[in-house]
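Here's the structure, in structure tokens; my notes come after.
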Amino acid sequence: MNIAFRILFFFFAVTFVNGQETQIWNTYQAKQEKGVSSTNLRMDLIEKAPINGYDFLFYVKIKYRVTKESDFPIGNKLKKMYLIKDAIYDKMQSVSDDSFYVGSFMFDGSRFEYYYVKDASDIERHIDKLFKNKFRGEKYEVFVKSDPAWDLYINFLYPNDEIKNFMSNRDTVIQLKNAGDDVVSPRKIEHYATFSTMNEMNLFAAAIEKLSYTIDYKKKVKNDKFPHEVKFYRDNSVTLENTMKFTTELINLAKEMNGNYDGWETFVVKKQ
């Protein structure tokens with residue numbers, strides 16, 4: 001029996017249910033001019049940001065030592081970083097009910113923990129007390145800045161389209177491998193793209209046929225912005241390198257036609 005996997009540019013991410021609120025978290029790394037950074041963030045807040053009234057960005061910077069083995073803390077130091085992260089979160093929950101923990105960023109020997117709060121007064125004192133009592137030997141700094149537009153979350157933490165595409169493909173390939181797929185075997189991969197006009201859809205369809213794709217259908221869908229959908233397919237392997245290659249090509253081609261590439265789906269090919 002084939003198991004179908006579909007990737008429509010959402011994430012196979014870590015999901016938490018907090019009361020009535022579902023939180024979606026994911027992680028990505030990015031190359032910087034000097035080294036590599038790692039970002040862990042709450043993805044679902046992009047639909048709400050900026051949240052009215054949460055105008056202050058409160059964040060804690062914790063230092064760690066970069067080694068030849070890794071750009072990031074490893075071993076016991078990594079465990080300590082997680083303990084500090086959890087302790088800051090617990091403290092924020094106890095002293096500031098009106099706060100959103102939006103994520104963390106690690107780069108060049110520093111880890112930053114970011115919160116948006118309504119009132120930042122007196123929080124620094126509680127964080128200072130926390131480090132004095134539990135993490136006396138750690139080097140840290142506390143910052144508060146006005147950010148009512150949530151600029152740091154939207155334009156710094158949240159991934160751009162290229163990184164989101166990588167994250168989506170990465171997570172799907174992991175899911176396929178976990179299901180026993182060898183990922184290198186070519187198989188039928190079905191794709192979807194939507195457009196605002198029939199003419200743009202037809203131009204896109206003609207372009208992908210030149211790339212050896214076969215059109216499955218063209219139809220109208222319930223989508224106010226992109227009501228014309230085309231489904232098409234081609235055989236490919238689903239290694240991360242290959243999925244990045246064909247999705248990047250299709251994303252760019254759909255954009256040229258003022259459309260939107262919506263994703264791909266396939267089935268598991270078990271290792272022989």
Side-chain angles (χ1 to χ4, degrees), residues 13-19 21 23-30 32-45 49-51 53-159:
V14 178
T15 302
F16 299 97
V17 178
N18 184 7
E21 186 176 49
Q23 301 181 9
I24 300 174
W25 290 80
N26 210 331
T27 301
Y28 67 89
Q29 293 185 356
Q32 306 291 342
E33 289 184 9
K34 180 183 176 183
V36 178
S37 65
S38 178
T39 302
N40 179 249
L41 77 154
R42 185 173 164 185
M43 300 288 295
D44 59 291
L45 287 175
I51 298 177
Y54 294 84
D55 295 341
F56 296 98
L57 176 66
F58 179 89
Y59 61 103
V60 183
K61 174 184 177 181
I62 309 109
K63 297 292 291 183
Y64 62 87
R65 189 175 60 153
V66 176
T67 66
K68 292 181 179 179
E69 290 79 19
S70 175
D71 289 327
F72 307 117
I74 57 176
N76 289 332
K77 187 60 179 179
L78 180 60
K79 293 179 182 178
K80 175 64 75 68
M81 282 289 170
Y82 286 144
L83 286 174
I84 294 172
K85 174 184 77 72
D86 291 342
I88 292 172
Y89 180 82
D90 290 341
K91 181 60 66 176
M92 291 294 293
Q93 293 296 105
S94 67
V95 303
S96 179
D97 291 335
D98 290 326
S99 67
F100 282 96
Y101 176 44
V102 296
S104 65
F105 176 77
M106 284 197 297
F107 177 64
D108 195 27
S110 296
R111 179 183 176 108
F112 299 82
E113 299 289 341
Y114 296 107
Y115 291 80
Y116 280 95
V117 299
K118 286 186 175 181
D119 183 4
S121 62
D122 206 38
I123 299 178
E124 182 176 356
R125 180 177 65 85
H126 289 283
I127 297 299
D128 286 339
K129 186 176 180 180
L130 171 68
F131 275 84
K132 182 179 179 180
N133 292 339
K134 291 189 175 182
F135 308 108
R136 184 178 291 270
E138 301 297 327
K139 295 180 179 179
Y140 74 98
E141 294 179 79
V142 175
F143 302 87
V144 178
K145 64 177 291 188
S146 176
D147 186 14
W150 285 40
D151 181 69
L152 178 124
Y153 173 76
I154 295 170
N155 297 313
F156 180 70
L157 290 180
Y158 198 79

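Bear in mind that the values here come from a model prediction, so they are computed numbers and not experimental data. Along the sequence shown, the residues carry numbers beginning at 1.
Evaluation of the side-chain hydrogen bond (donor to acceptor under 3.5 Å, both in side chains) rule for Tyr140 yields Asp128 as partners, not counting sequence neighbours. The ring-ring contact (aromatic ring centres under 6.0 Å, His included) check on Tyr28 picks up nothing, with sequence neighbours excluded.
Closest non-hydrogen pair, Ser99 versus Val117, comes out as CB-CG1, 3.6 Å. When all heavy atoms of Phe72 and Ser37 are compared, the pair lying nearest together is CZ-C, 3.8 Å. Taking all atoms of both residues into account, the shortest heavy-atom contact from Ile154 to Ala149 is CD1-O, 3.5 Å. What you find for Pro50 and Pro148 is that their closest heavy atoms are CB-O, 3.3 Å. Residues Val144 and Ala120 come closest through the heavy atom pair CG1-CB, 3.6 Å. When all heavy atoms of Pro159 and Leu41 are compared, the pair lying nearest together is CD-CD1, 4.1 Å.
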- Query: For Phe131 and Ile88, what are the C-alpha separation, side-chain angles and deciding distance, and is it a side chain to side chain contact (heavy atoms under 4.5 Å, CB included)?
  - Reply: CA-CA 9 Å; Phe131 275 84; Ile88 292 172; 4.3 Å; yes
- Item | side chain to side chain contact (heavy atoms under 4.5 Å, CB included) assessment of Phe112 paired with Phe107 | CA-CA 9 Å; Phe112 299 82; Phe107 177 64; over 6 Å; no
- Item | side chain to side chain contact (heavy atoms under 4.5 Å, CB included) between Ile123 and Val142, intermediate numbers included | CA-CA 9 Å; Ile123 299 178; Val142 175; over 6 Å; no
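Rounding to the nearest 0.5 Å places CG of Leu78 at 7.0 Å from CE of Met106. Rounding to the nearest 0.5 Å places CG of Asn26 at 8.0 Å from CG of Asn40. Expressed to the nearest 0.5 Å, how far OG of Ser104 lies from CH2 of Trp25 amounts to 7.5 Å. Expressed to the nearest 0.5 Å, how far CG of Asn76 lies from CG of Leu83 amounts to 10.0 Å.
Residues Arg111 and Ser38 have side chains not in contact (no heavy-atom distance under 4.5 Å, counting atoms from C-beta outward). Between Met81 and Tyr64 there is a side-chain heavy-atom pair separated by less than 4.5 Å. Side-chain contact between Tyr158 and Met43 is present, with at least one heavy-atom pair separated by less than 4.5 Å.
Listed by first and then second residue, the salt bridge (Lys or Arg N to Asp or Glu O under 4.0 Å) pairs that reach into residues 54-64 are Lys61-Glu141, sequence neighbours excluded. Under the salt bridge (Lys or Arg N to Asp or Glu O under 4.0 Å) criterion, the residue pairs touching residues 79-96 are Lys80-Glu138, with sequence neighbours excluded. Within the structure, every pair that satisfies the salt bridge (Lys or Arg N to Asp or Glu O under 4.0 Å) test and touches residues 36-45, not counting sequence neighbours, is listed here: Glu21-Arg42, Arg42-Asp44. Contacts classified as salt bridge (Lys or Arg N to Asp or Glu O under 4.0 Å) and involving residues 145-156 (residues at least two apart or in different chains) are not found.
Put simply, the residue from Tyr114, Tyr115, Tyr153 that forms a ring-ring contact (aromatic ring centres under 6.0 Å, His included) with Tyr59 is Tyr114. Shown are Phe100, Trp150, Tyr54; of these, the ring-ring contact (aromatic ring centres under 6.0 Å, His included) with Tyr116 is made only by Trp150.
With a 6.0 Å radius and a threshold of 12 heavy atoms from other residues, nucleotides or ligands, Lys139 has its NZ atom at or below the threshold.
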